[in-house]
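Heads up, the thing below is written out as structure tokens.
The chains referred to below are lettered A, B, ... by the order of the sequence lines, with proteins before strands, and numbering in each begins at 1.
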Amino acid sequence: MSSALEVRGVFAGYGGVRVLRDVSVSALAGTITAVLGANGAGKTTLLRAIDGSVKPSDGQVRLDGTDLAGRRPEDISRAGVAHVPEGQGVITELTVAENLRLGLLLRRRADRAAALADIYERFGVLAQRRNLSASTLSGGERQMLVIARALATNPKVLLLDEPSLGLAPKIVRDILDLIKQLKDETGLTIVLVEQNARSALAIADTGVVLNLGTVVATAPAGQLAADEALRRHYLGF
Amino acid sequence: MVEFLEFTLEGLSAGMIYAAIALSLVLIWRGTGVLNYSQGAMAMFTSFIALEVVYATGNYWLAFATALVAGLAIGAALERVVVRQVTGKPPLNAVIVTIGLLIFIEGLAGIMFGANNRSFPPAFSIEGLSIGTVALGITRNDLFTGAAVLLAAGLLAVTFRYSSIGLRLRATAFNAAVARLLGVRVGRMLTLGWALAGLLGALAGMLVSPSTFLSPNSMDTIFVLGFTAAVIGGLESPAGAVAGGLILGVVLSYAGGYLGSEVVNLFGLAALLIVLMLRPTGLFSSAPARRV
Amino acid sequence: MTSEQISVPAAGRAVPLLNRSTLLRHVAIGVGGAILLLLLSIALGAYRDYELANIAAFVVAVAGLTVLIGLSGQISIGNGAFMAVGGYAAALIFSHLQWPLAIIIVLATGIAAIVGAIFGIAAARLRGPYLAGATLMLAVALPFVATRFASVLGGDQGLGFFITAPGFLGVNFSLSRWQAWVNCAAALVALVLLANLVRSKVGRSWRAIRDDEIAAALSGLNVARLQILAFVVSAACAGLGGVLLAVVGGTVSPSTFTLSLSILLLTAAVLGGLGSLAGAIWGAALLYLVPIYLQNVAVSHNFTSQATSASIPILAYGVVLIVVMLAFPRGIQGGITRLIGPRAQAGAATALTSWRRRSPADDRKEKGTT
């Protein structure tokens, strides 16, 4: 299997502060790669380095073999990297449908209607609320909206930053089930950043553990989940 | 009573101009977070360009179109070259830079076109209209002014609400970071916002210059009153900008008509201060919760 | 621990000494400057006296404005209006009461300060563009007061203000030299007072508010009162400048105090470095002298006619404002000082009247992309 997304030896940070040190992550096509670690480990910075918001001072980010270096976030989105940021990023001044339409703009005009229909089929709740303001959605519904919106852009790689944040346990399970379903049904490559390591490892294929900006472990998800010492030390369970 | 009607209609007509300026200010404020102090000066400059076209060709409507195109071009150029450097920096920088643009454009106009007051042709007749023997206090040109501004505002509203580019513009204005992640070319949207504002300003300049005569400083007062209208309507709300313009126009018309024309600007100052003190978010903007 | 306990009282005793020596230092510089200017004015001819007197007037006004913007972080493009208040107040007192010059100067400055206080209170909650807009409106609207009350204020022609050199200097003492001395003396006094204010606790409080208003409020500073005080100080300086303009010009009229004047003050302050009193001096001097020079060059070489040449200084001011702001993107917080962190930038951007939503993450994102 080829890797859809390859992060190699990335150093990145903000201003004078170095956050990531020599980070390498390989996300194989059609798999879910969980990126785990405590708060401040650099997980979000890693996603930002991939989507172009933060420029790595060293190292490479490759999408299907193409180097993404130096491109702006909007160009990297257009290249097929969809990032659902921490805190969701629902544009509350727009309606549900408008949020989705925004994502659809990256598709060809002819494909948009069909894609939207697909999304409404998969996400019934969004179909019901389509003309309401996005601000009326609950936390779990908003998370669904931003995932749907990211899917609307027809991405090659989906980056999810803490989708479980602030959500009730049952909703978290629903969302994570949805993510697994997406991978199974569409073969999408997914990079999932999560603090909720246990649930993330349950649906992931590979796990990467970050601590203080470096990778301390990369292994199949089952292996990581079984490693008690590692779990207790870095993942909190 | 007839006087009252006259003042009201005059006020609405003047209010349309303030509304156009207010709209362009709101457009730029919402889209780029900058308050463009040179909006009036830009309008003055495009009007001068139009005047030169009239002198050269004698064709008013060609000049009108030229002014609008020039407004688009100048707005886009200013955003790309100057304003782009100050978005994301301390807000005071943008204030000082746009003030710098204001006087730069005025100085340039003075050198290129001269500092004297020039008379400016109206689009339509400026003869007072009347119903029967009752003078209405407005002219055909005033009716055209109202129609033109309403049409422009309407087109803008439709574009914003229903078109793809309108959606991108709004997304950029509401949350540029998220818009970027969805592939919106935020930079281009910012430039487009300024271009559209330049267009609106150019329209306002063409409509008002026949009555104020054109000189490098002739749009100063109009701009300030347009700013006041935008504040009254709430800087976040295009509909509010139009409403604010009309309200201000009518109030100032009464003040000028009943109390003498010298107090108009003082009334404007008072109106601005009162609104800023009592309801700084404007009369029409929705509750602050929306802005969180 | 014990060494701290010993040194604190010592520092406590030292601080008043330091304050006094700062005042002495400023006064010494002021006196030195006075002697320098005295020699300068004797060495140069009558026309230079005229220029010196004008420059002194602008220096005072610019100094007040640069303190307002650079230290307290507020902006005003309406200080020309406060200059008008000072000038007209002086002219009115002169024509109706004929009091001595020194009293007129102090009173007129006081009146400008009061008007500044009124405006400052009305605008106390405004920040950034809103405040700038309100002061812009002030600058545009206030000249109309003169035409509205033309009978008292002389309308477009304005009022006269004639001073004469005091008797003890001799009958043939040059009037323009006297004007230059009066203006320079007043300017020096004002600068010394400002310098002390800048170094005082008030000055430090202003800077704290400028850098992070919320933190300043949380640490107990009365933000509104300090901001109004800053406004009053800048209005007083502008008013004094207006009086001095009247002293040298002999007349006050609406055409002396245009919007361009307000923007000229801003440009000089920006050019000299916001917050810098020394910068105010050379900024004002440059901005008074260079445009005249440019105009003369342009006219004598027939680049432009006399009429359009007046636009050249205006164009130059615009270029200065834009170029300086673009070259020093950190603006008031950085061209002179070092980098301020994103938290302070976010703090400076918050306001009662709403700003567009911006989080430190947005700032970082914006800075992270080209």
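Sparse packing is recorded around OH of C:Y293, with 12 or fewer heavy atoms of other residues, nucleotides or ligands lying under 6.0 Å away. Surrounding CZ of B:R188 are at most 12 heavy atoms belonging to other residues, nucleotides or ligands under 6.0 Å away. Around atom OH of B:Y258, more than 12 heavy atoms belonging to other residues, nucleotides or ligands sit under 6.0 Å away.
Summarising the geometry, atom CG belonging to C:L131 is positioned 9.5 Å from atom CG belonging to B:L276; distances are rounded to the nearest 0.5 Å. From C:L315, atom CG reaches atom CG of B:L108 across 6.0 Å, with rounding to the nearest 0.5 Å. Interatomic distance, B:N265 CG to C:M137 CE, rounded to the nearest 0.5 Å: 7.0 Å.
Proximity to chain B is limited to the side chain of C:V270, based on heavy atoms less than 4.5 angstrom apart. Contact of B:L102 with chain C is made through the side chain alone, with heavy-atom distances under 4.5 Å. In this structure, chain C has a heavy atom under 4.5 Å from the side chain of B:T228, while its backbone stays farther away. Both the backbone and the side chain of B:V97 come within contact range of chain C, each with at least one heavy atom under 4.5 Å from a heavy atom of that chain. Interface residue B:L259: only backbone heavy atoms are found under 4.5 Å from chain C.
Taking the six-membered ring where the residue is Trp, C:Y130 and B:W29 present perpendicular rings, their angle passing 60° and hence far from 30°.
The two residues C:A134 and B:L273 have their closest heavy-atom pair at CB-CD2, 4.2 Å. Nearest heavy-atom pair across B:G107 and C:S311 is O-CB, 3.4 Å. The shortest heavy-atom contact between C:G73 and B:L92 is O-CD2, 3.5 Å.
Comparing B:V263, B:V264, B:N217, B:V86 by heavy-atom pairs within less than 4.5 Å of chain C, the highest count is held by B:V263. Taking chain C as the reference chain and counting heavy-atom pairs below 4.5 Å, the highest number among B:F104, B:F223, B:F267 is found for B:F104. Of all the listed residues (C:A316, C:A124, C:G133), the one sharing the greatest number of non-hydrogen pairs under 4.5 Å with chain B is C:G133. Heavy-atom pairs under 4.5 Å with chain C were tallied for B:L101, B:T221, B:I99; the largest tally goes to B:I99.
When each of C:L136, C:V145, C:L138 is tested with B:L269 by the rule side-chain contact (heavy atoms from CB on, under 4.5 Å), just one qualifies, namely C:L138.
Proximity of a side-chain donor or acceptor of B:Y37 to a complementary backbone N or O of C:P129 within less than 3.5 Å is detected.
Annotation: side chain of B:I96 is in contact with side chain of C:I75 (closest heavy-atom distance under 4.5 Å).
Residues of residues 116-123 of chain C lying within less than 4.5 angstrom of chain B, judged on heavy atoms, are C:F119, C:A122 in numerical order.
Residues satisfying the salt bridge (Lys or Arg N to Asp or Glu O under 4.0 Å) test with B:R84, not counting sequence neighbours, are B:E79.
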Original post:
Are B:I103 and C:L259 close enough, and set up right, to give a side-chain contact (heavy atoms from CB on, under 4.5 Å), and what steps lead you there?
Top reply: CA-CA 10 Å; B:I103 54 176; C:L259 177 63; over 6 Å; no
